[in-house]
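Just the heavy atoms: all of them, side chains too, but no hydrogens, waters or symmetry mates, feed the values below. Just so it is clear, the model here is predicted, and its values are computed rather than measured. Chain letters run A, B, ... following the sequence lines, proteins first and then strands; every chain starts at 1.
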Protein chains: 2
Amino acid sequence: MGIVERKERQRKEVRDSILESAWKLVNEDGWQSLSIRKIADAIEYSVPVVYDHFENKEAILSEFNRQGFKLLGDKVKEAKLANTTAATQLEAIAFAYWDFAFEHKEYYQLMYGLGMPSCESLTKVPELTAFIDVFHTTIAELLKEGGAEQENVWMKVHSFWSMLHGLVSINLMAPPAGHMGLSAEEMNRLILTDFITGFLKGLGK
Amino acid sequence: MGIVERKERQRKEVRDSILESAWKLVNEDGWQSLSIRKIADAIEYSVPVVYDHFENKEAILSEFNRQGFKLLGDKVKEAKLANTTAATQLEAIAFAYWDFAFEHKEYYQLMYGLGMPSCESLTKVPELTAFIDVFHTTIAELLKEGGAEQENVWMKVHSFWSMLHGLVSINLMAPPAGHMGLSAEEMNRLILTDFITGFLKGLGK
DNA sequence: TATATTTCCTAACAGCGTTAGCAAAGGTAC
DNA sequence: GTACCTTTGCTAACGCTGTTAGGAAATATA
């Protein structure tokens, strides 16, 4: 009685081909343009068949979300295991994370919700430069004070902005649960002040 | 002949009411559910009238994008001017940035494209914890080595992840132009290594 | 062979961004 | 005041989206 087995196998094949086609479409035209109808077209089934395997479009996306974090987790773990000291491990982890994001842009964009407007829209905002300039003047001043004027100011500006954005956006998406008897707000305060003192130290302060 | 003036004034009134209604709708139901038809309904005009004032939906969004960066720029500049030393200025800037993001969540989400899935989806991914654990073990080990075991490990883990994500995501959205004779890639390498050494220092290394 | 079940499609609903084309209102000139 | 022109704002449509109801055809069971 291999009939139910065959049916399950065929069912899985359709499910896999949905994910495969979806992934192909995403890599061709990005997340925004992915649609159930396009998937149905690609797998050569009608639209409702897709709904036999996934509750809705978001379920397909969150499947890729899971895949992405699984893959990132593996890469990061692999990088750790390839090193022996904790310091080199952390360094390798950071590089692995970085490389993952740029080798799998589509995954990363989905995982962190990047991409509401087109990705390059940020650089087209004229108000951005005025806002970045405030960072620039302050950091340039600090580097002069610290006697490290020759350092690349723009690198530090970019780091400052980026790290700050990272702290903020992760907090908006996944606020820390609060550990060791500290509330989430106390944690945030700590994280922010810790970041600032660390950054100032990096400027020679 | 105040007729053209009146017409311009009325035109501006409609334009303003479009933005006002859009902003209201966004604050009620988020960016994802904003639609031209809802705006038209709110301003009590038909749909094509909206297109007399904005080329398309994206033009409305980028108007808010500009507003957001303008407001953020003002807050940050204000924080700077309220302080005298560069170090306290930088600190005040960071706090102003932070506060802006949480006081104006809608702006911040639009400005940085957060919000493709619902914002809270991140914490629902089971693969996330496995991936964070790699950070945790490594950083805990480093703190032990540095003799700073009592420090809040989770805070450092959260910082590490957040900053790394910030560096990556800003790079994906607005890659640095390359300054001072360095290519964008060299800049990135510098920024990343600088981050790692800085972070390690913060762990007592 | 007849019945029950699974599989799969057509067709629709309600919404979206966007635009063509027309009616009405407003302003201008005689 | 009447004729003309320009602006204004509408209806209605096109083509797309996610999602689902209901029925036909194929398959499995008795």
Figure out the CG/P separation between A:D52 and D:dT20, and round it to whole Å.
12 Å
Counting side-chain heavy atoms from C-beta on, which of D:dC10, C:dT19, D:dT19 comes nearest to B:Y45?
D:dC10
Assess the residue pair B:F195 and A:F199 against the criterion (ring pair (Phe, Tyr, Trp, His ring centres under 6.0 Å)); give the C-alpha distance rounded to whole Å, side-chain angles, the decisive distance to 0.1 Å, and a yes or no.
CA-CA 9 Å; B:F195 157 66; A:F199 190 82; over 10 Å; no
Atom pair CH2/CG of A:W23 and A:L34 - distance to nearest 0.5 Å:
11.0 Å
When rounded to whole Å, the CD to P distance for the pair B:E58 and C:dT18 reads 9 Å
Sorted by number, the residues of residues 9-27 of chain B with heavy-atom contact under 4.0 Å to DNA chain D
none
B:Y51 OH to C:dA20 C1': how many Å, rounded?
14 Å
Is the shortest side-chain heavy-atom distance between A:L142 and A:K156 below 4.5 Å?
no
Starting from C1' on C:dC13, measure out to CZ on A:R37 and report it in whole angstrom.
11 Å
Note: B:K70-B:D74 ion pair, threshold 4.0 Å (strictly below)
yes
Nearest whole Å is fine: how far is D:dT20 C1' from A:K57 NZ?
17 Å
Between C:dT10, D:dG18, C:dT18, spot the one nearest the side chain of A:I36, thanks.
D:dG18
Salt-bridge criterion met for B:E63 and B:R15 (N-O under 4.0 Å):
yes
Without decimals, in angstroms, what is the distance between A:K7 NZ and D:dA26 P?
15 Å
Tell me whether the OP1 or OP2 atom of C:dC16 has a side-chain N or O from B:S35 closer than 4.0 Å.
yes
Rounded to whole angstroms, how far apart are CG on B:D41 and C1' on C:dC16?
14 Å
Check every strand shown and say whether A:I39 touches a base, only sugar-phosphate, or nothing at a heavy-atom separation below 4.0 Å.
nothing
So side-chain hydrogen bond (donor to acceptor under 3.5 Å, both in side chains) across residues 86-104 of chain A, not counting sequence neighbours, yields A:K80-A:Q89, A:T85-A:T88, A:Y97-A:Y108, A:Y97-A:Y112
By nearest-heavy-atom nucleotide on DNA chain D, the more 5' of A:E55 and A:K38 is A:K38
Any base atoms under 4.0 Å from A:L34, or only sugar-phosphate, or nothing? Heavy atoms, all strands.
sugar-phosphate
Can you tell me how far apart CD (B:E127) and CD (A:Q67) are? Round to the nearest 0.5 Å.
9.5 Å
Here the distance between atom P of D:dG18 and atom CD of A:Q32, to the nearest Å, is 12 Å
